[in-house]
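Each remark here refers to the structure printed beneath this line.
Labels below follow one simple rule: chain letters A, B, ... track the order of the sequence lines, proteins then strands, and each chain is numbered from 1.
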Number of protein chains: 2
Amino acid sequence: MANKKTKGTGPITARITVYPRPEILDPQGKAIASALTRLGFDGVEDVRAGKSFEIQLRAAATQDVEEVVRRMCKDLLVNSVVEDYSVELLDGEAKP
Amino acid sequence: MANKKTKGTGPITARITVYPRPEILDPQGKAIASALTRLGFDGVEDVRAGKSFEIQLRAAATQDVEEVVRRMCKDLLVNSVVEDYSVELLDGEAKP
């Protein structure tokens with residue numbers, strides 16, 4: 001796990017990972033799983049295909065950054081009917 | 001960082017994160033950044049939009065799992081001309 005930092009003044013990178021909920025069909029993941037098997041990769045049991053967002057933000061010292069990022073998810077980035085998400089906070093710039 | 005496990009027999013979950021290379025324009029990321037600002041989130045400096053794949057696989061004890069996953073990336077999941085990627089290995093099932 002990355003460093004958790006919930007309040008800060010410097011630039012913070014938040015990484016949001018969004019996946020289809022387990023009960024929702026994931027046709028892209030299924031297609032990737034069968035393509036990998038066809039390419040000769042053995043032992044692939046399941047693939048889930050999701051999205052990742054890296055948000056660099058400068059937060060005020062009084063802000064709870066994780067709270068802000070979760071609001072961004074609810075307001076714009078995640079459709080909570082069909083998607084689950086997780087938030088990681090990394091200090092400074094993240095290297096992918 | 002998650003636990004690193006490069007050889008194993010049990011089910012392993014590999015998380016692959018794929019982002020556009022820094023020198024490549026990321027119109028989706030730019031659109032999200034301006035949408036967040038418009039929604040009233042201050043301090044958003046940059047957003048990068050990428051993909052995340054979670055692959056559950058059962059590897060033979062002799063296999064170097066990270067090596068296998070990197071080959072999957074090169075053969076199918078990543079276009080290395082325009083994309084960068086990172087691989088994390090998690091034990092067992094990952095919770096998003």
Could you go through residues 25-37 of chain B and list every donor-acceptor pair under 3.5 Å that involves a side-chain atom there, pairing it with any protein atom two or more places apart or in another chain?
from, atom 1, to, atom 2, distance (Å)
D26(B), OD1, G29(B), N, 3.0
D26(B), OD2, A49(B), N, 2.9
S34(B), OG, K30(B), O, 3.3
S34(B), OG, A31(B), O, 3.2
T37(B), OG1, A33(B), O, 3.0

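- Nearest heavy-atom pair across Y19(A) and F53(B) is OH-C, 3.5 Å.
- Grouping the Ile, Leu, Val, Met, Phe, Trp and Tyr side chains by contacts below 4.5 angstrom, directly or via other members, places I16(A) apart from V82(A).
- The two residues E45(A) and P11(B) make their nearest non-hydrogen contact at OE1-CB, 4.5 Å.
- Cluster membership for I24(B) and Y85(B), using ILVMFWY side-chain heavy atoms within less than 4.5 angstrom, is not shared.
- Inter-residue side-chain proximity for V44(A) and M72(B) is flagged as met; some heavy-atom pair is nearer than 4.5 Å.
- Between chain B and the options P22(A), G50(A), A14(A), S52(A), the largest number of non-hydrogen pairs under 4.5 Å is found for S52(A).
- Contact annotation for residues 74-81 of chain B against chain A (heavy-atom separation below 4.5 Å, listed by residue number): D75(B), L76(B), L77(B).
- Note that CZ of R15(B) and OG1 of T17(A) are 5.0 Å apart. Values are rounded to the nearest 0.5 Å.
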